[in-house]
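Report on the following structure.
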There are 2 protein chains.
Amino acid sequence: MNFQRVKNVRLYETIIQQVMGMIDKGELKPGDKFPSERQLIEQLGVSRSILREAFRVLESRGIVESRPGGGRYLRKISGSSFMNFTSMDLERDALLDVIEAREIIETRVVRLAARRATEEDIEKLVDLDREFHGTGTSLQEYREKDRDMAFHLALAEASHNFVLKEVVAYLLTISKDLREKTILDFDDWLELCRQHSDIVKAISDRKEDEAAEKMKVHLMELRRYILKGKKDNLEKRGENVCESKNTLF
Amino acid sequence: MNFQRVKNVRLYETIIQQVMGMIDKGELKPGDKFPSERQLIEQLGVSRSILREAFRVLESRGIVESRPGGGRYLRKISGSSFMNFTSMDLERDALLDVIEAREIIETRVVRLAARRATEEDIEKLVDLDREFHGTGTSLQEYREKDRDMAFHLALAEASHNFVLKEVVAYLLTISKDLREKTILDFDDWLELCRQHSDIVKAISDRKEDEAAEKMKVHLMELRRYILKGKKDNLEKRGENVCESKNTLF
DNA sequence: TTTAGCTTACTTGGTCATCCAGTTATACTT
DNA sequence: AAGTATAACTGGATGACCAAGTAAGCTAAA
């Protein structure tokens with residue numbers, strides 16, 4: 001006799017779902033302006049607080065931008081605007097912002113690490129890297145245990161700058177949140193993990209240019225895989241159903 | 001002459017940072033129960049709506065579980081976001097870490113801004129800069145209203161990367177916290193503000209190399225002044241209880 | 001002793017009215 | 001026709017309010 005806990009649905013969650021659904025149906029296009037709060041609470045039949053809770057979440061995911069006094073806007077998708085986009089594409093696009101930030105910061109972090117890493121730092125990096133190559137650890141396990149995150153965090157630690165460490169930690173949590181929705185291919189993931197060794201080696205050799213270069217290709221690959229997922233998604237989706245009528249809510 | 005406040009940073013974000021910081025510091029362990037809303041709004045000094053917005057985001061990220069009538073609980077140790085240093089007594093050396101991070105990040109932010117800034121972005125930057133040169137605005141006023149912070153935040157905004165914007169906001173709040181411990185000379189500070197114009201000009205001319213260079217010297221100067229102030233401060237200490245109101249980065 | 005039912009205090013969920021500050025568009029002045 | 005007040009927006013934030021769920025403690029009946 002296995003009873004399940006009754007799911008308690010919050011109003012703000014249903015609003016998020018509704019917005020996402022509208023994006024998928026093409027009723028909302030990138031760059032579009034949302035109706036004002038006062039209009040929306042009327043159309044959705046919720047209070048202003050609840051509406052704002054929903055938009056806070058959307059905002060923290062980079063899907064919506066709030067301009068005080070100026071309204072709320074759906075994320076403008078970068079590059080060529082696709083006729084065909086889903087809420088997933090939007091999240092992926094937001095993920096590219098994170099990758100861009102990581103390219104900027106982590107390439108420099110790794111330079112600092114090459115200069116400042118202590119023997120213990122390097123030892124830890126080697127250990128973390130070995131955990132991947134090691135016999136006992138399955139990829140599944142590696143992935144579940146956030147080994148990738150631990151590795152990049154250890155790099156940041158080796159930079160011996162507490163601010164950078166905090167920033168990297170933030171970027172990692174964000175990219176983890178978003179990455180869970182963008183499933184990477186098995187082989188891609190394998191390749192990415194392999195590149196960690198190059199970075200560790202460059203750092204232990206104190207070659208900062210090389211370390212920066214390796215980190216750069218590492219993150220460029222990550223970006224490439226993410227974009228590939230986007231393309232796959234487009235191909236999979238048969239005929240386009242994009243007759244985006246502008247019926248906002 | 002209408003003044004604009006620096007309010008670009010949202011209250012709910014700072015709460016998230018603070019909670020994440022507590023997780024990092026081990027003050028909150030998985031399974032722990034949070035204080036009730038009414039207690040927290042008192043401790044944090046915010047309204048209930050803001051608190052709930054923060055927890056909604058935490059909830060949507062799977063970090064916190066809200067049980068109606070039963071309280072809020074920490075779910076997993078995903079942790080590692082920005083720490084909150086407001087009440088922390090940081091060594092002055094920590095300030096150099098902040099500057100180092102800003103050099104790394106803001107020089108690149110400014111490059112992106114030079115590439116991506118819209119006409120409105122540039123207009124806003126020009127306005128913010130003009131407020132310093134303008135006749136009507138006294139230096140005192142400029143200081144009190146955190147114009148410097150607003151300027152750097154506007155730069156981050158012009159990079160059109162929402163992650164970088166948040167990172168810069170974080171760096172600026174740390175700088176703000178720390179600046180109370182550092183006395184900047186009047187002329188030094190004047191010079192720093194003047195350099196803002198160079199940055200704006202480079203961006204509006206779309207010369208990203210120049211923009212990066214100007215930002216670099218800007219932050220190098222800041223570091224130099226801080227080190228000087230450190231020496232001054234060390235000499236002065238003992239009688240003076242730091243009338244450090246007149247400091248601004 | 002056990003157990004069902006009730007009370008009570010405390011929790012989160014949700015609404016509302018109100019104010020603030022910044023944006024935008026209108027209309028009036030020069 | 002350009003410039004400038006002004007009025008009507010926008011989101012940001014607050015505090016009071018009610019509803020509903022939870023949990024603990026008490027009581028009374030089995």
Side-chain angles (χ1 to χ4, degrees), chain A residues 5-16 19 32-60 63-74 248-249, chain B residues 1-16 19 32-60 63-75 118-121 123-125 127-128 131 136 141 144-147 149-151 153-154 157 162 165 169:
Chain A
R5 188 177 186 82
V6 176
K7 193 186 167 192
N8 213 326
V9 180
R10 311 285 149 71
L11 277 183
Y12 87 98
E13 284 178 328
T14 72
I15 296 178
I16 292 176
V19 170
D32 272 1
K33 180 176 181 175
F34 284 87
S36 74
E37 288 185 349
R38 271 86 171 178
Q39 282 178 271
L40 279 177
I41 63 174
E42 203 162 325
Q43 297 179 36
L44 292 171
V46 296
S47 75
R48 199 154 158 238
S49 317
I50 300 302
L51 185 76
R52 305 185 88 233
E53 286 173 13
F55 273 107
R56 286 315 189 198
V57 175
L58 260 13
E59 188 180 321
S60 81
I63 294 174
V64 162
E65 187 185 352
S66 293
R67 283 205 273 272
R72 289 204 168 89
Y73 296 82
L74 194 62
L248 277 186
F249 294 85
Chain B
M1 184 184 342
N2 52 354
F3 300 114
Q4 37 192 345
R5 286 181 56 181
V6 66
K7 276 210 168 172
N8 276 356
V9 53
R10 310 287 153 71
L11 277 184
Y12 86 99
E13 286 282 359
T14 71
I15 294 178
I16 294 177
V19 170
D32 275 0
K33 183 177 181 176
F34 283 88
S36 73
E37 287 184 350
R38 267 76 176 182
Q39 282 177 271
L40 277 176
I41 64 175
E42 201 160 331
Q43 291 181 38
L44 293 170
V46 296
S47 76
R48 199 168 149 243
S49 316
I50 300 304
L51 185 78
R52 303 185 84 228
E53 286 171 14
F55 271 103
R56 288 313 188 204
V57 174
L58 258 15
E59 194 178 317
S60 82
I63 295 169
V64 163
E65 185 184 356
S66 293
R67 285 206 275 271
R72 290 201 168 92
Y73 297 82
L74 185 61
R75 219 209 284 242
T118 66
E119 287 309 310
E120 295 89 50
D121 291 333
E123 205 169 309
K124 184 171 183 184
L125 286 171
D127 283 351
L128 284 170
E131 276 183 32
E141 229 173 322
E144 281 167 1
K145 300 246 174 186
D146 276 335
R147 294 285 206 274
M149 192 166 165
F151 178 78
L153 214 49
E157 200 132 0
F162 82 104
K165 198 175 104 188

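Letters A, B, ... mirror the listed sequences (proteins, then strands); counts begin at 1. Fair warning: this is a prediction, and the values are worked out from it, not measured in the lab.
- Residues passing the side chain to side chain contact (heavy atoms under 4.5 Å, CB included) test with B/Gln39 are B/Pro35, B/Ser36, B/Gln43, sequence neighbours excluded.
- A search for side chain to side chain contact (heavy atoms under 4.5 Å, CB included) contacts involving B/Ser66 returns A/Arg10, B/Glu59, B/Val64, B/Arg72, not counting sequence neighbours.
- Nearest approach of B/Leu125 to B/Ala154, heavy atoms of both residues: CD2-CB, 3.7 Å.
- At least one donor-acceptor pair under 3.5 Å links the side chain of B/Asp121 to the backbone N or O of B/Thr118.
- If you measure from atom CD of A/Glu13 to atom C1' of C/dG13, you get 12 Å, rounded to the nearest angstrom.
- The CD atom of A/Glu53 sits 8 Å away from the C1' atom of C/dG14 (whole-angstrom rounding).
- The side chain to side chain contact (heavy atoms under 4.5 Å, CB included) test applied to A/Arg48 returns A/Glu37, A/Arg38, A/Ile41, A/Arg52, not counting sequence neighbours.
- Atom CD in B/Glu42 sits roughly 12 Å away from atom P in C/dT11 (whole-Å rounding).
- In terms of heavy-atom proximity, A/Leu58 sits nearest to A/Ile16 at CD1-CG2, 3.8 Å.
- Between the CD atom of B/Gln39 and the P atom of C/dA9 there is a distance of 17 Å, given to the nearest Å.
- Counting to the nearest Å, the P atom of C/dT12 and the CZ atom of B/Arg72 are 6 Å from each other.
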Look for any protein N or O under 3.5 Å of an N or O in nucleotides 14-21 of chain D and output each such pair with its distance, or none.
residue: D/dT14; atom: OP2; partner: B/Ser47; partner atom: N; Å: 3.0
residue: D/dT14; atom: OP2; partner: B/Ser47; partner atom: OG; Å: 2.8
residue: D/dG21; atom: N2; partner: B/Gly69; partner atom: O; Å: 3.4

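- Of the candidate nucleotides C/dT12, D/dA13, C/dG14, C/dT12 has the atom nearest to the side chain of B/Ser36.
- Atom CZ of A/Phe34 sits about 5.0 Å away from atom CG of A/Leu74, to the nearest 0.5 Å.
- If you measure from atom CD1 of A/Ile41 to atom P of D/dG12, you get 14 Å, rounded to the nearest angstrom.
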Discussion item. Using the rule given for side chain to side chain contact (heavy atoms under 4.5 Å, CB included), can you reason through B/Arg67 versus B/Tyr73, listing the C-alpha separation, both sets of side-chain angles and the distance that settles it, and then say yes or no?
Written reply: CA-CA 8 Å; B/Arg67 285 206 275 271; B/Tyr73 297 82; 3.1 Å; yes
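- The side chain to side chain contact (heavy atoms under 4.5 Å, CB included) test applied to B/Ala169 returns B/Leu153, not counting sequence neighbours.
- Within the structure, a side-chain polar atom (N or O) of A/Arg10 is placed less than 4.0 Å from OP1 or OP2 of C/dG13.
- As a whole-Å value, the separation of A/Lys33 NZ from D/dC9 C1' is 9 Å.
- Atom P of nucleotide D/dC9 and atom CG of A/Leu40 are separated by 16 Å, given to the nearest angstrom.
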Under 3.5 Å between N/O atoms: give me all the protein pairs with nucleotides 24-26 of chain D, atom names plus distance.
none

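- Between A/Arg56 and D/dA13 there is a side-chain polar atom (N or O) within less than 4.0 angstrom of OP1 or OP2.
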